[in-house]
Number of protein chains: 2
Amino acid sequence: MVARGQARPTLRDVAERAGVSVSTASLVFSGKGPVAEATGERVRAAALELGFTGPNPLASSLRQGRSGAIGVIVEGRLRMAFRDPFAIAVLDGLAEVLETVPTGMLLIGQPSGSGDAVVHQLAPLALDAVVFSLCGPGENPAVAHLAARGIPMFSTGVPGDRRITQVRVDERAAGAAIARHVQDLGHRRVAHVAMPMLPTSVAGPVPGDEVDPSETHVPSVGRLLGFRDVFGPDAPAVQTGDGSSFEGGTIAGRALLDVPERERPTAVVAQSDVIAAGVILAAEELGLRVPEDLSVTGFDGVDLPWLPHRLTTMDQHGREKGRILGTLVRKRLDGTRPRNVTQPVELRVGTTTAPPR
Amino acid sequence: MVARGQARPTLRDVAERAGVSVSTASLVFSGKGPVAEATGERVRAAALELGFTGPNPLASSLRQGRSGAIGVIVEGRLRMAFRDPFAIAVLDGLAEVLETVPTGMLLIGQPSGSGDAVVHQLAPLALDAVVFSLCGPGENPAVAHLAARGIPMFSTGVPGDRRITQVRVDERAAGAAIARHVQDLGHRRVAHVAMPMLPTSVAGPVPGDEVDPSETHVPSVGRLLGFRDVFGPDAPAVQTGDGSSFEGGTIAGRALLDVPERERPTAVVAQSDVIAAGVILAAEELGLRVPEDLSVTGFDGVDLPWLPHRLTTMDQHGREKGRILGTLVRKRLDGTRPRNVTQPVELRVGTTTAPPR
DNA sequence: GGTTCGTCTCGAATCGATTCGACTCGAAAC
DNA sequence: GTTTCGAGTCGAATCGATTCGAGACGAACC
């Protein structure tokens, strides 16, 4: 045990005490290079006596040029970000792989619209790579900064910068596939509830000029386009003001459903499971039964234990996505330069869709 | 822009180009010490030309003995930990304060029962402090390791080691207070749903030997004791097998409620809001209305947007708790040695409690 | 006996900054 | 005209490891 306030022992102290050189002591702890059994024993004993807990990570990192940490940039307040179970699933898969390296995950919250503030937060941080997770559409000032520092970047679609290695989903095809499922059931009056098209979008109908057809890699845009590939370019769509949120879904649901029956859609295709759950609440508040009076679909394939339905959804395999992300990061740190990946998705039919009455 | 594969420019390169010494260049970036306006300008220009994005964080950290990151140890898989909205609120408050330092939060998942594995994960990480969040009862091997390294530790009650600075709640008093509210409403047959007493606890009735009255700082233990202070030492209590979880609440709820009416409790006091929500689901599955047929209370005071009730609960002000934790960390890094803090809690009466019929 | 080889150990250079004390120089004070 | 002072700059030491090339030594081989 080390006396309080006293300087922590260094490798040099240990080496001195064990009667070996610093380089030999280093070899003992790193395990590289041959060391005689007896020498190793002496060094370890000295370390124990002095309360040396291993090489100073900072010094070691400096020498090796590795910090052992990757940054995870989440947009908006942490609380909001972590309300999204899909995001958490991705993070979980990521952590699973990184633990084996081992590499830590440094959380970096980026209050949206905070502009360059994130750069000041990032600048003093030693990171081996950065993952953009839980980020919405739009440019991100962090990208330029990190690119200049030569830090490898990864994301799940947004930001869509070419300097970022991506694990994507064919959002448009996936959006079309689930829309087609609804269409095949016989629905004709179908509405869409989207996540915001732009960082500046406000809740309500999606304005035409917010949809940029070249941005299909942005989930909200791609899924909307897929939906319209099936139900036509003018099929009704509203967006939430706050990403994938239950409240956003409820509000959108009320707006869509609290109308005379003949105008009311018989199905709602939502861009996330959480939004879909919100829509279902809105429907039930209005006395509509799901799926008898209204079919609802989600997107993501997350587990919503409190939802008394099995949602029809497009399973994105969030955890697996995180694992893939982790593998890419690992490979990159090993020196290979991985290419973008496209992940398959899978339609999972639950109990929230049925033919219209 | 730096050519790919080329070495990143260092402070030395910048100094050379600007025609000043390295020390002067350092002063320009750190802002300490006087530098002539013109010199500063020259150095910044040189930096821009070379694509120098600021001093290497690793080198800087080594010199200053600060890494700019604190560790956040979460027990169990990330996914599980982040399912707990209270934990997220705390993290959110913590982040809010740390952002201003600025200091990053390094997430360290500690699969429960993994024993010393966490030490291997921790050892190569440079951390200025560590916060134990989302940890259950029981010893934690990380504590000894971090203590030996002289890294300041903080927690919200568990682990309860003396080497850790604590932000606590008087769990027992809080547990008693909410129990008393239920008692005052007139309930006499009241059951308790607890989080696990021990890391090894399994779902079901709480065995007497798992309750150590000296461990009132452990939330599950303290709250149970508080409950029994009001309803007597033998008042029925079951525990979940997996902490604060909705499913755990549902399972416990079914066990407690699916019995003949005369044996059925008229109120259930749960140790967390999420558990309470699970109990409510169980009740509704059995055709019981809340609060008419069954009163249910929670604990934490989190926001459960999907729950169609306002839960009667003990508000722990999670975000504020996180902020306090952050302030303690900051103070400690500034050199003062903060003392433990006890946070007040507040009973919030909602729509899930009523007098028994 | 002289090479060769392998094992083990070591000294010195290095990673990229920060910081302290010393030095220079021009302006102000006496 | 000297002394004093402060602003600005710099060289060198330092943070605590890792790593490379070289050296020592004993064993095996011809």
Using a heavy-atom cut-off of 4.0 Å across all strands, would you classify Val22(A) as base, sugar-phosphate, or nothing? base
Which angle, to the nearest 10 degrees, lies between the helix axes at the two ends of the helix from dG1(C)-dC30(D) to dC30(C)-dG1(D), each defined by five pairs? 50°
Proximity to the side chain of Leu27(B) - top-ranked nucleotide from dT9(C), dT9(D), dA17(C): dT9(D)
Is there a side-chain polar atom (N or O) of Thr24(A) under 4.0 Å from OP1 or OP2 of dC10(C)? yes
Of dT19(D), dT18(C), dT9(D), the nucleotide closest to the side chain of Ser26(A) is dT19(D)
Euclidean distance, atom CZ of residue Arg42(A) to atom C1' of dT9(C) [Å, nearest integer]: 11 Å
Give the rounded distance in Å between these two atoms: CG of Leu11(B) and C1' of dC10(D). 13 Å
Step-by-step side chain to side chain contact (heavy atoms under 4.5 Å, CB included) determination, Ile70(B) to Val131(B): CA-CA 7 Å; Ile70(B) 72 155; Val131(B) 172; 3.8 Å; yes
Output yes when at least one side-chain N/O atom of Lys32(B) is less than 4.0 Å from OP1 or OP2 of dT19(C), else no. yes
Using the side-chain heavy atoms of Ser23(B), tell me which of these nucleotides is nearest: dC15(D), dA7(D), dT19(C). dT19(C)
Distance, rounded to the nearest Å, where Arg12(A) contributes CZ and dA12(C) contributes C1': 14 Å
Pro55(A) near the nucleic acid: base, sugar-phosphate alone, or nothing, with a heavy-atom cut-off under 4.0 Å? sugar-phosphate
Establish, with yes or no, whether the OP1 or OP2 oxygen of dA17(C) is under 4.0 angstrom from a side-chain nitrogen or oxygen of Thr10(B). yes
Whole angstroms only, please: what is the CZ-P distance between Arg66(B) and dT19(C)? 12 Å
Rounding to an integer number of Å, can you tell me how far Leu58(A) CG sits from dT18(C) P? 14 Å
Is any side-chain heavy atom of Phe132(A) closer than 4.5 Å to a side-chain heavy atom of Val158(A)? no
Check whether any side-chain N or O of Thr39(B) sits under 4.0 Å from OP1 or OP2 of dT9(D), and answer yes or no. yes
I'd like to know if Ser21(B) reaches the base of dG11(D) with its side chain, counting only an N/O donor and acceptor under 3.5 Å. no
Whole Å only: how far is the CZ atom of Arg149(A) from the P atom of dG16(C)? 14 Å
Arg319(A) side chain to Glu96(A) main-chain N or O, any donor-acceptor pair under 3.5 Å? no
Any donor-acceptor pair under 3.5 Å linking the side chain of Arg12(A) with the backbone of Val22(A)? no
Hey, which of Thr336(B), Thr100(B), Thr103(B) is the one that makes side-chain hydrogen bond (donor to acceptor under 3.5 Å, both in side chains) with Arg330(B)? Thr100(B)
Stepwise side chain to side chain contact (heavy atoms under 4.5 Å, CB included) test for Arg66(B) and Leu333(B): CA-CA 9 Å; Arg66(B) 280 282 168 84; Leu333(B) 295 183; 3.9 Å; yes
Any side-chain heavy-atom pair from Ile108(A) and Leu125(A) closer than 4.5 angstrom? yes
Rounding to a whole Å, what distance do you find between Phe29(B):CZ and dG16(C):C1'? 13 Å
Distance check: side-chain N/O of Gln64(A) vs OP1/OP2 of dT14(C), anything under 4.0 Å? no
Of all the choices, dT9(C), dA17(C), dC10(D), which nucleotide is nearest to the side chain of Val35(A) once you look at every atom? dT9(C)
In whole angstrom, give the distance that lies between atom CG of Leu62(B) and atom C1' of dG16(C). 9 Å
Side chain to side chain contact (heavy atoms under 4.5 Å, CB included) between Leu91(B) and Met105(B), worked out: CA-CA 9 Å; Leu91(B) 240 42; Met105(B) 304 194 324; 4.3 Å; yes
